[in-house]
Amino acid sequence: MSLFDYLEKVRREPEAKRRRLLFIWTFAGTAVIVLLWLINSLVLMPRADDIDITRQREQFGQVKTTVKSAGERIYTGFDFIKDGVINLF
């Protein structure tokens, strides 16, 4: 049975059963995502004690610089739009 056949079968069911199936599939999908997140967070990610502190500080500095420059670009864009709107009037 293909996915399309299954969907057609579900479409023929009463609305109450379709809602129940929707709830079950939504719950199962969310559970899979949470499980993958937990596995990634607890098992695959290196522990903070195992990472050299200086490397963490260097990485944080790079991220901080990137976020700052992105924020400056956003504000520059907003200023450009604001000036354009003001000049219309």
Side-chain angles (χ1 to χ4, degrees):
M1 179 188 314
S2 70
L3 178 62
F4 294 112
D5 294 336
Y6 178 74
L7 290 175
E8 283 300 320
K9 179 183 171 188
V10 169
R11 285 183 187 143
R12 285 185 248 127
E13 297 291 338
E15 185 177 350
K17 187 169 183 179
R18 288 192 312 234
R19 285 180 181 256
R20 194 172 348 130
L21 287 171
L22 176 66
F23 177 77
I24 291 169
W25 281 108
T26 304
F27 181 78
T30 304
V32 167
I33 291 170
V34 168
L35 182 65
L36 290 173
W37 174 72
L38 283 173
I39 289 171
N40 186 42
S41 295
L42 301 175
V43 177
L44 299 178
M45 293 293 292
R47 299 180 70 198
D49 298 339
D50 299 338
I51 297 176
D52 187 25
I53 298 298
T54 55
R55 197 171 100 209
Q56 285 182 346
R57 288 184 181 160
E58 290 172 2
Q59 290 173 349
F60 178 73
Q62 292 170 354
V63 170
K64 186 177 176 183
T65 303
T66 304
V67 170
K68 184 178 180 182
S69 64
E72 289 171 354
R73 284 184 278 157
I74 290 171
Y75 284 121
T76 303
F78 282 139
D79 288 339
F80 178 75
I81 293 170
K82 180 181 71 174
D83 292 341
V85 170
I86 289 173
N87 291 334
L88 288 175
F89 298 106

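These numbers were taken from a predicted model, which means no experiment stands behind them.
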Contacts of V32 that satisfy side-chain contact (heavy atoms from CB on, under 4.5 Å) - sequence neighbours left out: L36
Listed partners of R18 passing side-chain contact (heavy atoms from CB on, under 4.5 Å), at least two apart: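 Counting only residues at least two positions away or on another chain, R18 forms a side-chain contact (heavy atoms from CB on, under 4.5 Å) with V10, E13, E15.
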Members sharing F4's hydrophobic cluster (side chains within less than 4.5 Å): none
Remaining members of hydrophobic cluster (4.5 Å side-chain criterion), I33: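 Noted: I33 shares its cluster with no other residue.
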Kindly list each side-chain donor-acceptor pair under 3.5 angstrom involving residues 23-31, sequence neighbours excluded, with atom names and distances?
unit_1: W25; atom_1: NE1; unit_2: Y6; atom_2: OH; d: 3.3
unit_1: T26; atom_1: OG1; unit_2: L22; atom_2: O; d: 2.7
unit_1: T30; atom_1: OG1; unit_2: T26; atom_2: O; d: 2.9

Residues in side chain to side chain donor-acceptor pair (under 3.5 Å) contact with R12, at least two apart in sequence or another chain: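 Not a single residue meets the side chain to side chain donor-acceptor pair (under 3.5 Å) criterion with R12.
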Qualifying salt bridge (Lys or Arg N to Asp or Glu O under 4.0 Å) pairs, either residue in residues 26-36, two or more places apart: none
